[in-house]
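Below, all heavy atoms of this structure are taken into account, side chains as well, without hydrogens, waters or symmetry copies. Every chain is numbered from 1 and lettered A, B, ... according to where its sequence line falls, protein lines coming before strand lines. Since the model is a prediction, treat every value here as computed from it, not as a measurement.
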2 protein chains.
Amino acid sequence: MDAATQARMEARARILKALAHPTRLFMVDELAKQERCVAELTEMVGADMSTISKHLSQLKAVGLLEDEKRGTQVFYRLARPCVLNFFSCLEAVMQENLQQQIFLVRPGA
Amino acid sequence: MDAATQARMEARARILKALAHPTRLFMVDELAKQERCVAELTEMVGADMSTISKHLSQLKAVGLLEDEKRGTQVFYRLARPCVLNFFSCLEAVMQENLQQQIFLVRPGA
DNA sequence: TGGCTTCATGGCCATATTGCCAAATAGGCA
DNA sequence: TGCCTATTTGGCAATATGGCCATGAAGCCA
């Protein structure tokens, strides 16, 4: 793997890593529907606000989210809706995995 | 976030996590072109074979790869080509990020 | 059987990630 | 100015991840 390829794969990995967390995936899903402030997301997820703030920072750092300060609140929104396309593929993989499980559990049926 | 949503997000995160590594992304890319045995991938990546084997196991564990043993070799292939659709979105995000960088570096220009 | 090749696994250490609390910062308002 | 609210940041402990080496397991062949 040459250096340029390595660099490109690292850049891709950074974005995927930012997505690869249950809480962050949930927030991306919600922000696809409408923008939300940190307090709202904190309430929806049910975690410490500092935790949510850090998760949002990660998504913003890789360019997936945008934020806008309005008064004392900060509203986040989905900056790259194309990531939503991932989810249908993920669901398909999950579905296939379920089927495979069945075959593994009942091989001779 | 209710329990069912939590579980679904965790399942999605597991798959994305398996993808979110430079070496694993590279191998997915290569396996999209043609199946490869472990030795070939080891050579292409330039890492220890045990490391490559573990990376492949992770991708297989989440259902993205299939393997087939032929003689003493094990050939891996991409089981879910839909993940390739991710990459164009990732490239777009990377491209956008580059542009933003320029604006950030030269805000008044 | 013995030896060789290919691959997987276990162990270990270094590093990264997560999530909480506490403290700092920023904005609005009396 | 001083206080209150919303958010971010620093610090820390627990846990997970990554990569190498050494070892184990499986298949082929003489």
Side-chain angles (χ1 to χ4, degrees), chain A residues 1 5-7 9-28 30-31 34-62 64-77 79, chain B residues 1 6-7 9-28 30-31 34-77 79:
Chain A
M1 182 161 41
T5 304
Q6 171 77 22
M9 295 304 153
E10 282 172 3
R12 288 182 182 179
R14 267 192 296 276
I15 300 170
L16 286 172
K17 239 156 102 165
L19 275 173
H21 187 284
T23 298
R24 295 195 291 268
L25 284 170
F26 173 75
M27 295 196 298
V28 165
E30 291 302 322
L31 294 175
Q34 62 178 287
E35 64 171 20
R36 295 281 189 184
C37 70
V38 181
E40 284 175 322
L41 291 167
T42 297
E43 159 72 17
M44 295 169 89
V45 172
D48 195 274
M49 183 178 285
S50 69
T51 299
I52 297 302
S53 178
K54 284 182 183 176
H55 281 311
L56 291 168
S57 292
Q58 292 182 61
L59 289 166
K60 183 188 164 191
V62 299
L64 293 178
L65 297 187
E66 289 170 348
D67 63 343
E68 184 183 343
K69 175 170 274 188
R70 293 209 286 276
T72 81
Q73 294 176 299
V74 178
F75 286 85
Y76 282 86
R77 58 173 164 271
Chain B
M1 181 162 41
Q6 172 78 22
M9 294 304 153
E10 283 173 2
R12 288 182 182 179
R14 266 192 296 276
I15 300 170
L16 285 173
K17 240 157 101 165
L19 275 173
H21 188 285
T23 298
R24 296 196 290 268
L25 284 170
F26 174 75
M27 296 197 297
V28 166
E30 291 303 320
L31 294 174
Q34 62 179 286
E35 65 171 20
R36 296 280 190 184
C37 70
V38 181
E40 284 175 321
L41 292 166
T42 297
E43 161 72 17
M44 295 169 87
V45 172
D48 195 275
M49 183 179 284
S50 69
T51 299
I52 298 302
S53 178
K54 283 182 183 174
H55 281 311
L56 291 167
S57 292
Q58 291 182 61
L59 288 166
K60 183 187 163 190
V62 297
L64 293 178
L65 298 187
E66 290 170 348
D67 64 341
E68 185 184 342
K69 175 171 271 185
R70 292 208 288 275
T72 80
Q73 294 174 298
V74 178
F75 286 84
Y76 281 86
R77 59 174 165 270

Give [X] one of three labels, base, sugar-phosphate or nothing, depending on what nucleic acid heavy atoms sit under 4.0 Å from its own.
{"X": "A:Glu40", "value": "nothing"}
{"X": "B:Lys17", "value": "sugar-phosphate"}
{"X": "A:Tyr76", "value": "sugar-phosphate"}
{"X": "B:Thr23", "value": "nothing"}

Measure [atom1]/[X] against [atom2]/[N] and give the value in whole Å, please.
{"X": "A:Met49", "N": "C:dA23", "atom1": "CE", "atom2": "P", "answer": "18 Å"}
{"X": "A:Phe26", "N": "C:dT18", "atom1": "CZ", "atom2": "P", "answer": "18 Å"}
{"X": "B:Asp48", "N": "C:dG10", "atom1": "CG", "atom2": "C1'", "answer": "14 Å"}
{"X": "B:Arg36", "N": "C:dC7", "atom1": "CZ", "atom2": "C1'", "answer": "18 Å"}
{"X": "B:Glu35", "N": "C:dC7", "atom1": "CD", "atom2": "P", "answer": "12 Å"}
{"X": "B:Gln73", "N": "C:dC7", "atom1": "CD", "atom2": "P", "answer": "5 Å"}
{"X": "A:Met27", "N": "C:dT18", "atom1": "CE", "atom2": "P", "answer": "11 Å"}
{"X": "B:Leu65", "N": "C:dA8", "atom1": "CG", "atom2": "P", "answer": "11 Å"}

| request: May I have all residue pairs that pass salt bridge (Lys or Arg N to Asp or Glu O under 4.0 Å) and include part of residues 44-61 of chain B, sequence neighbours excluded? | output: B:Lys60-B:Asp67
Partners of [X] by side chain to side chain contact (heavy atoms under 4.5 Å, CB included), sequence neighbours excluded?
{"X": "A:Thr5", "answer": "A:Met1, A:Asp2, A:Arg8, A:Met9, B:Phe26"}
{"X": "B:His55", "answer": "B:His21, B:Thr23, B:Arg24, B:Met27, B:Thr51, B:Gln58"}
{"X": "A:Ala79", "answer": "A:Glu66"}

| said: If you compare all heavy atoms of B:Lys69 against all heavy atoms of B:Val74, which two are closest, and at what distance to 0.1 Å? | reply: CE-CG2, 4.0 Å
| field | Residue pair A:Leu59 / A:Ala18: nearest heavy atoms and the distance that separates them | value | CD2-O, 3.4 Å
| message | Generate the contact string for nucleotides 24-30 of chain C. Rules: B means base contact, S means sugar-phosphate contact only, - means no protein heavy atom under 4.0 Å. | response | --SSS--
How long is the straight-line distance from [atom2] of [Y] back to [atom1] of [X], given to the nearest 0.5 Å?
{"X": "B:Tyr76", "Y": "B:Ser53", "atom1": "OH", "atom2": "OG", "value": "5.5 Å"}
{"X": "A:Glu35", "Y": "A:Phe75", "atom1": "CD", "atom2": "CZ", "value": "6.0 Å"}
{"X": "B:Leu25", "Y": "A:Ile15", "atom1": "CG", "atom2": "CD1", "value": "10.0 Å"}

| Ion pair present between A:Glu10 and A:Lys17, side-chain N to carboxylate O less than 4.0 angstrom? | no
| field | Partner residues of A:Gln73 under the side chain to side chain donor-acceptor pair (under 3.5 Å) criterion, sequence neighbours left out | value | none
| message | How bent is the helix from C:dT1-D:dA30 to C:dA30-D:dT1, measuring the angle between the end axes built from five pairs each, rounded to 10°? | response | 10°
| request: With DNA chain C as reference, determine whether B:Val38 or B:Lys54 sits nearer its 5' end, using the nearest nucleotide of each. | output: B:Val38
| message | Here's a test of your reading of the structure: between A:Thr51 and B:Asp67, which maps to the more 5' nucleotide of DNA chain C? | response | B:Asp67
| Nucleotides bounding contact with chain B, strand DNA chain D, heavy-atom threshold 4.0 Å | D:dT17 to D:dC28
| note | A:His21 has its side chain closest, among C:dC7, C:dG19, C:dT17, to C:dG19
Would you be so kind as to tabulate the donor-acceptor pairs closer than 3.5 Å made by side chains of residues 36-44 of chain B, with sequence neighbours excluded?
| unit_1 | atom_1 | unit_2 | atom_2 | d |
| --- | --- | --- | --- | --- |
| B:Glu40 | OE1 | B:Cys37 | N | 2.9 |
| B:Thr42 | OG1 | B:Val38 | O | 2.8 |

